[in-house]
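Residue numbering restarts at 1 for every chain, and letters A, B, ... go by the order of the sequence lines. Keep in mind it's a predicted model, so treat the numbers as computed, not measured.
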2 protein chains.
Amino acid sequence: MVSGKSIKDVAKVAGVSISTVSRVLNDSQNVSSELKQKVLDAVQNLGYRSNTIARALKGMPTKTLGLLIPTIENPFFPSMVRGVQDEAHRNGYSVFLCNTDGSRIIEERQFKLLLDKKVDGIILVASKYTTRYLKNGMEFPIVMIDRYVNSPNFSYVTVDHTMGVRLAIEHLYSLGHRKIAFLGSKLLSSGARERFQSYKRYIEEFKMKFDDSLIVLGEYTYESGIKMVEELMKRKVKFDSILCGNDLIAFGVIEGLKNYGIRVPKDVSVVGYDDITFSSYHNPKLTTIRQPTYEVGQMATRIVIDMISGADRRVKHIKIEPSLVIRETTRKRGSEI
Amino acid sequence: MVSGKSIKDVAKVAGVSISTVSRVLNDSQNVSSELKQKVLDAVQNLGYRSNTIARALKGMPTKTLGLLIPTIENPFFPSMVRGVQDEAHRNGYSVFLCNTDGSRIIEERQFKLLLDKKVDGIILVASKYTTRYLKNGMEFPIVMIDRYVNSPNFSYVTVDHTMGVRLAIEHLYSLGHRKIAFLGSKLLSSGARERFQSYKRYIEEFKMKFDDSLIVLGEYTYESGIKMVEELMKRKVKFDSILCGNDLIAFGVIEGLKNYGIRVPKDVSVVGYDDITFSSYHNPKLTTIRQPTYEVGQMATRIVIDMISGADRRVKHIKIEPSLVIRETTRKRGSEI
DNA sequence: ATAATTTTTGAAAACGTTTGCAAGGTGAAG
DNA sequence: CTTCACCTTGCAAACGTTTTCAAAAATTAT
């Protein structure tokens, strides 16, 4: 009842063969307008909906995409996911969402599962394990988002973190800060690496004194943010501002600083990274580097779909520009600790 | 190449018929252990993976679920989604995630699309449109989460908001507050309605003076929270505490209050609702009613899967208990405005 | 007009499974 | 020894499409 009608029923009602029905439903070419109309009417009357499964079995596209992310519970991902979903739906695709939790086993299993389900393409945020199962010769539409493995064989779309970090440091510098601490992630992912290296690069480019002890590496979490300021305080090194690896860390940092009686931005300026939704709800509102995550997801999807349709098969390496959004956690340098 | 091997190849290698292969892959009954082993070996050697599409065409389950939510960008949903995904994956299911944005057109289209894709079951947060396409006689595994339509025909799992609101008011009452304002949603969804009605009920049950002008209804957003305190202030009514319809409103409320020089919790206590991740990162940390959203998603999934497998077809109406989590935005009543 | 060509149509073979049916085997009961 | 029942196995028919091929019809060229 739910499914019911098949192409056969349509054929019978329209008084034509199933091949004809199939043709008007697809090509719509080489079929007389008279028959075409009959078929269309029959389809209408019966409320016929073509069976995706059967088409898929004949090797037709399933109009289905797979999306592999660490976890949707990380507030960084929802808008990216939304970006791919919107673009996908706009083109008639549905998307399987999978959380890998950064586990090799899960990632690989989910990847295979998606292939089994005959998705037309896959979008994924790469991990250090990704290269293990992504064979280079693979003729399958795949694009990486956010984190990627640098390969001429695979497309990716991410954000220009070098620029992001420059924006942040430039801002802090212009505010008079010269002792900028970096509290980031010790992950080896493309994003974490780029941010860390760019920090070092721009500290030097702006002719500030580079100091190892101004750097603490931890995790991309609130709790880690708190821990990292503790570590920083323990070192008794002077700093007038902090660049954080992401917004979550920044929130933790602000909380951690509060525990030492250090006020933001009065005593210390803090800039985050990502601009997740909550950054503008936080108190004080977070100055941060905005990653256009929605656009990243959207563009990645645009690319897979082009690969699938054959409209454009070239591998693309895209870095979208981030922007600085100034709110309340940074201000002109005054006192120093 | 990606797919390649079929049951036919396995049959050839194992020296048996395809029916036999199919049988060991499914029933595993009525086939001699000798042949069974041969087949299993062949499967192993060839790296054969059964073709989901072909099985689906024969009416076998697709091991696929559909999940329909308003939008993943609402921080209330990610952990609920995670709950269903985890339970789904644990049982070998993949899940299609769809955002409806509360639009009738989209919701209905996505629902049909899921049916077309032959999902085995659907989990959805109901809207006022849901009843339009959900026919009562429908023999299809569906369960609603969070918001629901009250029907003996459909299962749902949600949270006991009556209890949630009682918890909140009880807490505020015990702190000495007697003028509790309610800033909630004007939505007609089950959740919004219950919260509002329970507010009225418990204000009276605790013998506090019920006052219409302590109530403002808006949207479930930060911005609306700000607007609602403005409205409240305009009314010049006295209040010593505020119960918010959700956490997002609460954040807005705290910000809005700040604009009037009113401090939380020193001057006014604020209680949120939901306990989204950020509530514990917010400054001050939000006292709120925790909805166990992960469990809601998980349990809903458990139920659909049971319906699918036939293990348990009964319709279930489940309300999970929320809890009060006391943090920094409430305190014993002192001054009053 | 007829022949040559093109267009429109339908029959039938796939795609990779599951499964009803019947054939062959094996063992127990008569 | 038969007979009967049951277990194991394979053949072939589905499931709902797309698509090749050839026939039929329509069009154009001669």
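By the side chain to side chain contact (heavy atoms under 4.5 Å, CB included) test, Arg104(B) is found to be paired with Glu108(B), Tyr129(B), Arg132(B), residues two or more places apart in sequence or in another chain being considered. Residues passing the ring-ring contact (aromatic ring centres under 6.0 Å, His included) test with Phe111(A), sequence neighbours excluded: Tyr133(A). Scanning for side-chain hydrogen bond (donor to acceptor under 3.5 Å, both in side chains) contacts around Asp120(B) gives Thr62(B), with sequence neighbours left out. Checked against ring-ring contact (aromatic ring centres under 6.0 Å, His included), Phe96(B) has the following partners two or more places apart in sequence or in another chain: Phe96(A).
In this structure, Leu57(A) places its CG atom 14 Å from P of dA14(C), rounding to the nearest Å. Here dG16(D) presents its C1' atom at 14 Å from NZ of Lys12(A), a figure rounded to the nearest Å.
With hydrogens and angles left out, the side-chain atoms of Thr64(A) and Lys117(A) include no donor and acceptor closer than 3.5 Å.
Although no hydrogens or angles enter the test, the distance criterion places no donor-acceptor pair under 3.5 Å between the side chain of Asn99(A) and the main chain of Asp101(A). Ser22(B) contributes no side-chain N or O that, together with a main-chain N or O of Ile18(B), makes up a donor-acceptor pair within less than 3.5 Å. In terms of modelled atom types and a separation under 3.5 Å, the side chain of His317(A) and the main chain of Phe154(A) share a donor-acceptor contact.
Scanning residues 30-44 of chain B for heavy-atom distances under 4.0 Å to DNA chain D yields Asn30(B), Val31(B), Ser32(B), Leu35(B).
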- Do nucleotides 17-28 of chain D as a string where each nucleotide becomes B, S or -: B if the base has a protein heavy atom under 4.0 Å, S if just the sugar-phosphate does, - if no protein is that close. BBBB--------
